[in-house]
Participant: 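Pasting in a structure now, in structure tokens, and then I'll have a few things to ask.
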Amino acid sequence: MNPRKRYVLLLWMLVCSGGSTEAIEPISTSIAVGMAAALTGFLASYQNIFYYFNECCRPEWIAFNKTGLQVDLENKMFGQHIASRIILKAVNGFITNDNPKKPLVLSLHGWTGTGKNFVSQLIADNIYKEGMDSNFVHMFTSELHFPHSSHLDTYKSQLQQWIKGNVSNCAQSMFIFDEMDKMHPGLIDSIKPYLDYYDKLDGVSYRKAIFIFLSNAGGESITQTALDFWKAGRAREEIELKDLETLLSLAVFNNKKSGLWHTSLIDKNLVDFFVPFLPLEYRHVVQCAMAEMKARGHRPDRGVADQVAKDVVYFPKSERVFSVKGCKTIQSKLDYYL
Ligand SMILES: *[C@@H]1O[C@H](CO)[C@@H](O)[C@H](O)[C@H]1NC(C)=O
Ligand SMILES: *[C@@H]1O[C@H](CO)[C@@H](O)[C@H](O)[C@H]1NC(C)=O
């Protein structure tokens, strides 16, 4: 690294950490201390400008907007009355608690395209100014990040280092694990300590971090419940968490394929909330299409939305109530119709 770059990097670390040198690697600490003394005046006058332009682990960049999340859940996510309610309560309760005993661990379950990824994005958007682009939000996909089970040991230590490194940098880090059911049980085991009720682990506290697990596990039993309600002529909004909770944990426990559940995540109550996502109906697909048009700056056109929704495949074969891919293919279908 050339001296000027090194200087800028040090300065960045110094300013981001509010002048404290704790977070800086040992070798540079002595340099930094000297610099801190010399730069105090400079820092005092410029740090506000600096915070403004560079993402730091500070309230300028990380601040939960409850109204924002509530409005987003109402206007952008469709057909998920249970998930919306749990998520708003869970995230708000966790963030407004000054002294949480453990990190927040959410496990989102449901069929593909029902909004699990999307809601993670909404959460990120309303905590981090940079949303999913934030340096403090980390997304892992089994197939992308941990594809070969023969490299399990490497993945384990790498993942542990990443979590530790990132939480050391910023306590309010968020980790999203997609396709949790495809993740190797050993790998899940390796992150278990970070989810637990420890004050500190190797000097690092994980209690302000958020972990979100996404999986299809339990999707079938959620769908069955939704279908039962539909067949009985009952409103979908009447489905309550308790109608799904037992089913969900049973399905999740008994699903040999879903790694999460081999481990003691459930036994030890490390998961704070199981969040079910219901399969989406025709009217929700229409809502997704309308919202997408709006997001693209078009005037929402009900005719186009209906065309898109009619183009989608529904199941089960006889009733054709639920969209096979939820709202997942709406974007490309809209490209075609607009
Ligand atoms: C929070 O979200 C609401 C609704 O989206 C928005 O109007 C408001 O400006 C946001 N507040 C902050 C501090 O960003
Ligand atoms: C933080 O996590 C990312 C993966 O999202 C990783 O590439 C990076 O090295 C981690 N940072 C630290 C300091 O460990």
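Whatever order the structure lists ligands and atoms in, that order sets their numbers, starting from 1. Just so it is clear, the structure is predicted and the values come from calculations on it, not from any experiment.
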Participant: side-chain contact (heavy atoms from CB on, under 4.5 Å) for Leu280 and Gln80? Distances and angles first, verdict last.
Facilitator: CA-CA 9 Å; Leu280 299 180; Gln80 303 299 355; 3.6 Å; yes

Participant: Give the contacting part of Gln161 toward ligand 2: side chain, backbone, both or neither, where contact means a heavy-atom distance below 4.0 Å.
Facilitator: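 Backbone only; the side chain of Gln161 stays clear of ligand 2.
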
Participant: To the nearest 0.5 Å, how far apart are OG in Ser134 and CG in Asp125?
Facilitator: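 Here the interatomic distance stands at 10.5 Å.
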
Participant: Quick check on ring pair (Phe, Tyr, Trp, His ring centres under 6.0 Å): which of Trp162, Phe140, Phe146 does Tyr155 satisfy it with?
Facilitator: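 Among the candidates, only Phe146 passes.
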
Participant: Over 60° means perpendicular and under 30° means parallel, so classify the ring planes of Phe274 and His109, tilted if in between.
Facilitator: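 Correct class here is tilted.
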
Participant: To which protein heavy atom is atom 8 (C) of ligand 2 closest, and what is the distance rounded to 0.1 Å?
Facilitator: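 That would be Trp162 CD1, 3.8 Å.
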
Participant: Considering only non-hydrogen protein atoms, determine which one is nearest to atom 5 (O) of ligand 1 and report residue, atom name and distance to 0.1 Å.
Facilitator: Gly68 CA, 3.9 Å

Participant: Tell me which protein heavy atom sits closest to atom 2 (O) of ligand 2, plus the residue, atom name and distance to 0.1 Å.
Facilitator: Asn166 ND2, 2.3 Å

Participant: For Lys325, is the NZ atom crowded, meaning more than 12 foreign heavy atoms sit under 6.0 Å from it?
Facilitator: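 No, the 6.0 Å shell around NZ holds no more than 12 heavy atoms from other groups.
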
Participant: Please check whether His138 reaches ligand 2 - meaning an N/O of the residue sits under 3.5 Å from an N/O of the ligand, judged on distance alone.
Facilitator: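 Yes, there is a polar N/O contact under 3.5 Å.
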
Participant: Return yes when at least one protein heavy atom is under 4.0 Å from atom 11 (N) of ligand 1, and no when none is.
Facilitator: yes

Participant: Can you tell me how far OH of Tyr282 sits from OH of Tyr314, rounded to the nearest 0.5 angstrom?
Facilitator: 6.5 Å

Participant: With only distance considered, is Thr67 within less than 3.5 Å of ligand 1 through an N or O on each side?
Facilitator: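 Thr67 vs ligand 1: no N/O contact under 3.5 Å.
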
Participant: For atom 6 (C) of ligand 1, which protein heavy atom lies nearest, and how many Å away is it?
Facilitator: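 Checked against all protein heavy atoms, atom 6 (C) of ligand 1 sits closest to Asn65 ND2, 4.2 Å.
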
